[in-house]
Amino acid sequence: MPELPEVEIVKRGLDETIVGSEIAGVEVRARKLFHGNESDLIGTKVEAVFRHAKMIEIDLSNGKALLIHLKMTGQLVFDKKSGDKSKRMAGGHPSNDWVADLPNKFTHVIFKFKDGGILYFNDLRKFGYIKVYNQSTLKETKELKDLGPDPFTKELNEEYLMRVISRRKKVKIKQIIMDQTVISGVGNIYADESLFCAGISPLRLAQDVKRSELTKLIECVRKVLKLGLEHGGSSENTYVNIEGKKGEMQNHFKIYRKTGKACPRGCGIVKRVVVGGRGTHYCPACQR
DNA sequence: TGCCCCCTGCAG
DNA sequence: CTGCAGGGGGCA
């Protein structure tokens, strides 16, 4: 699920909960999702947490690092103290039953900390993963080595995008901004929202998008991601933060999953098409 | 550059 | 029941 804003929120949640804590035990329930040896983690302290695109890096005191990808339905939920569910659920959403009682059938890895905290890695569809790497070689792993710039850095600019596009003749603009080797962290929802914001059709060939439009698009990507962060991420489906609570961004979507509804600009009806195998929503009237 | 697939659940 | 879902790897 998680795109940049959601993963960033989880990353910040980990900063506040597990940094400085010592791992006392690791329970792997689903081998498929855990690549490495649990024994490498026991007795180490969590030193720092980083986000790379939609992935989370957790650095441990022995030089190892965990690389976590939540893919579509992964969750990292922290319980301060086993047995005290009241705090986590206070203000939680009753509709989100499946994090109400952890661990549950979707809990695949459990980290127990010496201070009593417990971190649950849940994933309904089991697409996510946790991999154990060495910090020293993490940047060279296949997961991280080809990532494009973070959208909030100055490396993302019109010149950069024009250079990328000049090498990718037949690609649609939506595919460009969703490509993790071009921009880190933009996924399907924020791509649709960004293109709506910029008034650009997702179906446009990237090479036909003018420089001024790329400028606008970059602004929109940043604006939309920032809005997602401000609203605590989007929980259209299973996303929750470290406390198991949903975000509110889904209540602020302008175009994503608004098929058949009136365009917020009042000019047309939102249409759904498929681009790069992903459901794509746009207004044919104001996105050209 | 485009499918199919990993997996499970839910809406229509 | 069919189709679809915040991702992305592997294959032709």
Side-chain angles (χ1 to χ4, degrees), chain A residues 1-11 29-35 51-56 67-76 95-99 104-108 121-131 141-148 151 164-165 167-195 203 205-207 221 224-225 227-229 231-241 246-253 255-260 272-281:
Chain A
M1 65 87 132
E3 304 181 31
L4 186 150
E6 292 77 26
V7 179
E8 179 63 25
I9 290 164
V10 171
K11 183 262 175 200
R29 298 185 166 193
R31 213 74 235 175
K32 175 184 191 293
L33 309 195
F34 188 92
H35 307 247
R51 180 186 58 77
H52 307 287
K54 302 168 191 168
M55 287 164 278
I56 289 172
L67 189 68
I68 304 179
H69 203 311
L70 302 173
K71 292 289 180 83
M72 303 280 264
T73 54
Q75 304 177 325
L76 284 171
S95 58
N96 197 26
D97 287 344
W98 69 287
V99 291
N104 60 32
K105 63 188 280 204
F106 305 114
T107 302
H108 307 306
F121 175 61
N122 311 320
D123 191 350
L124 185 150
R125 293 174 74 178
K126 295 186 191 148
F127 291 168
Y129 59 74
I130 298 178
K131 298 184 181 183
T141 59
K142 62 179 186 306
E143 291 84 359
L144 297 190
K145 69 178 167 57
D146 295 324
L147 289 180
V164 171
I165 289 166
R167 284 185 264 114
R168 316 268 279 272
K169 291 298 181 196
K170 296 189 64 178
V171 181
K172 296 182 179 71
I173 187 64
K174 178 173 175 181
Q175 295 172 286
I176 291 288
I177 60 170
M178 273 188 69
D179 185 333
Q180 300 305 292
T181 70
V182 178
I183 308 177
S184 281
V186 177
N188 201 38
I189 290 181
Y190 294 98
D192 280 5
E193 293 290 325
S194 300
L195 288 161
L203 302 174
L205 282 182
Q207 59 177 350
V221 164
V224 160
L225 292 173
L227 196 66
L229 269 166
H231 289 294
S234 15
S235 297
E236 179 79 1
N237 198 342
T238 57
Y239 168 73
V240 294
N241 65 16
K246 293 191 172 198
E248 297 296 330
M249 182 60 189
Q250 65 282 7
N251 303 322
H252 302 272
F253 291 160
I255 202 81
Y256 179 74
R257 287 198 137 192
K258 300 293 181 191
T259 313
R272 181 185 183 279
V273 293
V274 174
V275 175
R278 313 302 302 276
T280 297
H281 315 77

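In what follows, chains carry the letters A, B, and so on, assigned in the order in which the sequence lines appear, proteins first and then strands, with residues in each chain numbered from 1. When reading the values below, keep in mind they use all heavy atoms of this one structure, side chains included, and skip hydrogens, waters and symmetry mates.
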> Passes side-chain contact (heavy atoms from CB on, under 4.5 Å), Glu3(A) versus Tyr239(A)? Steps please.
Replying inline: CA-CA 10 Å; Glu3(A) 304 181 31; Tyr239(A) 168 73; over 6 Å; no
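- Rounded to a whole Å, the CD atom of Glu143(A) is 13 Å from the C1' atom of dG7(C).
- Residue-level contact check: Arg278(A) touches the bases, meaning some heavy atom is under 4.0 Å from a base atom.
- In this structure, the side chains of Glu6(A) and Ser234(A) come closer than 4.5 Å at one or more pairs of heavy atoms.
- At the phosphate of dG6(C), OP1 or OP2 sits under 4.0 Å from a side-chain N or O atom of Asn188(A).
- Judged purely by atom type and a 3.5 angstrom limit, Gln207(A) has no side-chain atom pairing as donor or acceptor with the backbone of Lys170(A).
- Relative ring orientation between His252(A) and His231(A) is described as parallel, the plane-to-plane angle staying below 30° on a 0-90° scale split at 30° and 60°.
- For the C1' atoms, the distance linking dC1(C) with dC6(B) amounts to 22 Å, nearest Å.
- Taking the P atoms as reference points, dG12(B) lies 16 Å from dG6(C), given to the whole Å.
- Comparing Gly279(A) and Lys142(A) along DNA chain C, the residue whose closest nucleotide (by nearest heavy atom) sits nearer the 5' end is Gly279(A).
- One atom, OH of Tyr239(A), and another, P of dG7(C), lie 14 Å apart when rounded to the nearest Å.
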> Which string of ( ) [ ] | and . matches DNA chain C, if you list each base 5' to 3' and count Watson-Crick or G-U pairs only when both distances are under 3.5 Å?
Replying inline: |||||.||||||
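- A pairwise comparison of heavy atoms in Ala191(A) and Lys174(A) identifies CB-CE, 4.0 Å as the closest pair.
- Taking the P atom of each, dG9(B) and dG8(C) are spaced 23 Å apart, rounded to whole Å.
- One atom, CE of Met249(A), and another, C1' of dG6(C), lie 12 Å apart when rounded to the nearest Å.
- As rounded to whole Å, 13 Å separates atom P of dG8(C) from atom CG of Asp146(A).
- On the nucleic acid side, DNA chain B has its first and last nucleotide under 4.0 Å of a heavy atom of chain A at dT1(B) to dG9(B), going 5' to 3'.
- Remark: Arg51(A) engages Glu8(A), Asp150(A) in a side chain to side chain donor-acceptor pair (under 3.5 Å) (not counting sequence neighbours).
- Side-chain atoms of Glu143(A) and His69(A), non-hydrogen and from C-beta on, never get closer than 4.5 Å to each other.
- Separating the CZ atom of Arg125(A) from the P atom of dC4(C) is a distance of 13 Å, rounded to the nearest angstrom.
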> Going through the checks in order, is the side-chain contact (heavy atoms from CB on, under 4.5 Å) test met by Leu70(A) and Lys54(A)?
Replying inline: CA-CA 8 Å; Leu70(A) 302 173; Lys54(A) 302 168 191 168; over 6 Å; no
> Step by step, would you call Leu229(A) with Ile9(A) a side-chain contact (heavy atoms from CB on, under 4.5 Å)?
Replying inline: CA-CA 7 Å; Leu229(A) 269 166; Ile9(A) 290 164; 3.9 Å; yes
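- At a cut-off of 3.5 angstrom, counting only N and O atoms as typed in the model, there is no donor on one side facing an acceptor on the other between the side-chain of Arg257(A) and the base of dA5(C).
- Here Lys71(A) does not reach the OP1 or OP2 of dG8(C): none of its side-chain N or O atoms lies under 4.0 Å away.
- Side-chain nitrogen and oxygen atoms of His69(A) include at least one within less than 4.0 Å of the OP1 or OP2 phosphate oxygen of dG8(C).
- Glycosidic conformation of dG6(C) is syn; the angle stays within 90° of 0.
- We find that CD of Gln75(A) is positioned 16 Å from P of dG7(C), with the value rounded to whole Å.
- Residue Lys105(A) is classed as a sugar-phosphate contact, given heavy-atom separations below 4.0 Å to backbone atoms only.
- Atom CE in Met178(A) sits roughly 12 Å away from atom P in dG9(C) (whole-Å rounding).
- Separating the CD1 atom of Ile68(A) from the C1' atom of dG6(C) is a distance of 17 Å, rounded to the nearest angstrom.
- By the 4.5 Å heavy-atom criterion applied to side chains, Lys71(A) and Arg125(A) are not counted as neighbours.
- Residue ring and nucleobase are not stacked for Phe127(A) and dG8(C) under a centre distance beneath 5.5 angstrom and an angle between planes beneath 30°.
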